[in-house]
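For reference, the structure discussed in these notes is given below.
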Amino acid sequence: MAPNPATSDAATPNPATPPDAALPDAAAPDTDTPPEAPVPDAPARALTRACIAAAALRVLARDGLAGLSMRKVAAEVGVKAASLYWHVRNKEELLDLLNDALVAGAEIPPRTGDWRAQYLEYGRRYRALLLATRDAARIVAGRLATGPHILAVLEDQLDRLRGAGFTDADAAMASYLLSAYVQGFVLQEQSPLSAAEAAGATRGEVARAAGEVFRTLPAETHPNLVALAADLTDPDMDARFEFGLHRLADGLATLLPTPRQTPGREPR
């Protein structure tokens with residue numbers, strides 16, 4: 001899937017057409033009032049999508065996804081909200097841009113070790129990347145943006161998986177599976193466990209309280225919850241992440257062709 005040229009850095013708007021004229025009602029700006037200026041001023045024309053993405057990242061870090069808006073991003077770069085519409089048509093396009101900007105900070109694992117070692121390291125680095133930015137998992141989860149940084153990461157992943165012997169279809173699925181697992185895991189990590197955590201309790205305190213509830217349940221009706229109370233509420237998220245990540249690799253390994261036996265040798 002190629003990037004949409006209408007939203008790429010190289011796209012140049014028609015200065016004779018006001019930015020709002022091309023906007024359908026469904027793509028109206030996320031503000032209570034319409035854009036104030038139909039034609040952008042000189043500073044707006046100097047804006048770039050990279051500059052807007054950097055400003056959106058700052059707003060996200062400060063105010064979270066709930067506080068991200070076109071108006072706030074415009075204020076961050078010192079222009080009116082209407083000026084952004086020459087570069088991103090609505091908040092959804094801003095999120096696509098932000099998605100690629102988040103991946104711009106990704107560190108590609110070295111090509112050392114076998115495919116499994118590289119796959120595991122990809123997962124670890126992606127998790128660290130998402131945890132480093134507030135609400136990052138909520139930005140990227142389920143979104144297939146085709147910015148240059150995302151395309152570069154996907155190309156590298158697929159090249160490694162196909163080189164390891166996975167079929168084209170399996171390589172594509174393996175790449176998707178890794179993204180879905182990491183994004184889903186971080187979504188849980190960045191979400192409160194309960195109302196108590198949302199109100200200020202630590203994650204460990206909430207987990208310990210839940211464990212106490214499990215331990216005090218009637219053993220005749222909830223024998224497994226009582227027996228596994230500590231395991232179920234262990235707050236070590238690194239261990240939980242590694243368990244799931246390794247099980248993904250275990251399953252994918254079964255898809256690889258079995259090495260042919262050398263003629264005349266018995267299998268070990």
Side-chain angles (χ1 to χ4, degrees), residues 1-4 7-8 49-50 53 56-57 60-61 64-66 68 88 91-191 236-256:
M1 184 183 299
N4 180 358
T7 59
S8 67
R49 286 166 62 85
L57 280 173
L60 180 68
L65 180 58
L68 180 70
V88 286
K91 188 174 178 179
E92 288 301 317
E93 284 197 3
L94 179 65
L95 292 177
D96 281 351
L97 192 63
L98 192 53
N99 190 314
D100 192 62
L102 286 166
V103 178
E107 294 184 3
I108 303 298
R111 290 187 178 239
T112 56
D114 60 9
W115 73 268
R116 181 189 178 102
Q118 294 176 39
Y119 189 81
L120 295 176
E121 187 60 22
Y122 242 119
R124 295 179 187 119
R125 294 189 181 205
Y126 191 29
R127 176 189 175 216
L129 178 75
L130 296 182
L131 285 174
T133 302
R134 179 180 178 183
D135 288 340
R138 294 178 62 195
I139 297 288
V140 303
R143 185 173 291 269
L144 179 59
T146 53
H149 299 105
I150 292 174
L151 295 178
V153 170
L154 284 175
E155 178 65 26
D156 182 74
Q157 281 185 0
L158 295 172
D159 184 63
R160 297 182 195 219
L161 291 166
R162 295 177 78 197
F166 288 98
T167 66
D168 290 353
D170 288 345
M173 287 294 192
S175 178
Y176 171 80
L177 184 62
L178 184 64
S179 294
Y181 171 69
V182 176
Q183 291 167 7
F185 193 93
V186 176
L187 275 172
Q188 293 196 57
E189 287 189 280
Q190 293 185 329
S191 301
D236 188 348
M237 298 303 288
D238 290 343
R240 291 176 179 271
F241 179 77
E242 286 292 323
F243 178 86
L245 187 62
H246 279 267
R247 300 299 77 76
L248 290 184
D250 290 344
L252 291 172
T254 66
L255 299 175
L256 289 173

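When reading the values below, keep in mind they use all heavy atoms of this one structure, side chains included, and skip hydrogens, waters and symmetry mates.
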Residues at least two apart in sequence or cross-chain that pass ring-ring contact (aromatic ring centres under 6.0 Å, His included) with Phe166, listed by chain then number, are Trp115
Residues in side chain to side chain contact (heavy atoms under 4.5 Å, CB included) with [X], at least two apart?
{"X": "Leu120", "value": "Arg116, Arg124, Leu245, His246, Ala249"}
{"X": "Ser175", "value": "Leu154, Gln157, Leu158, Leu161"}
{"X": "Arg247", "value": "Phe243, Asp250"}
{"X": "Asp96", "value": "Arg143, Ala145"}

Once rounded to the nearest 0.5 Å, what's the spacing between atom [atom1] of [X] and atom [atom2] of [Y]?
{"X": "Ile108", "Y": "Glu155", "atom1": "CD1", "atom2": "CD", "result": "11.5 Å"}
{"X": "Leu151", "Y": "Asp100", "atom1": "CG", "atom2": "CG", "result": "7.5 Å"}
{"X": "Leu94", "Y": "Ile139", "atom1": "CG", "atom2": "CD1", "result": "8.0 Å"}
{"X": "Leu256", "Y": "Asp170", "atom1": "CG", "atom2": "CG", "result": "8.5 Å"}
{"X": "Leu98", "Y": "Glu92", "atom1": "CG", "atom2": "CD", "result": "11.5 Å"}
{"X": "Met173", "Y": "Leu252", "atom1": "CE", "atom2": "CG", "result": "11.5 Å"}

Return the minimal non-hydrogen interatomic distance between [X] and [Y], and the atom names on each side.
{"X": "Ala141", "Y": "Leu187", "result": "CB-CD1, 3.9 Å"}
{"X": "Arg127", "Y": "Phe185", "result": "NE-CE2, 4.1 Å"}
{"X": "Gln190", "Y": "Ala137", "result": "OE1-N, 3.7 Å"}
{"X": "Pro109", "Y": "Gln118", "result": "CG-O, 4.3 Å"}
{"X": "Leu68", "Y": "Leu95", "result": "CD2-CD2, 3.8 Å"}

Taking side-chain hydrogen bond (donor to acceptor under 3.5 Å, both in side chains) as the definition, give me every residue that meets it alongside Tyr119, ordered by chain and number, with sequence neighbours left out. none
Note: Asp236-Arg240 ion pair, threshold 4.0 Å (strictly below): no
Between Val182 and Tyr122, is a side-chain contact (heavy atoms from CB on, under 4.5 Å) present by the stated rule, with each step listed? CA-CA 10 Å; Val182 176; Tyr122 242 119; over 6 Å; no
A quick test of your reading: do over 12 heavy atoms of other residues, nucleotides or ligands sit less than 6.0 Å from CD of Glu242? yes
Do Leu102 and Leu129 come within less than 4.5 Å of each other through their side chains, counting heavy atoms only? no
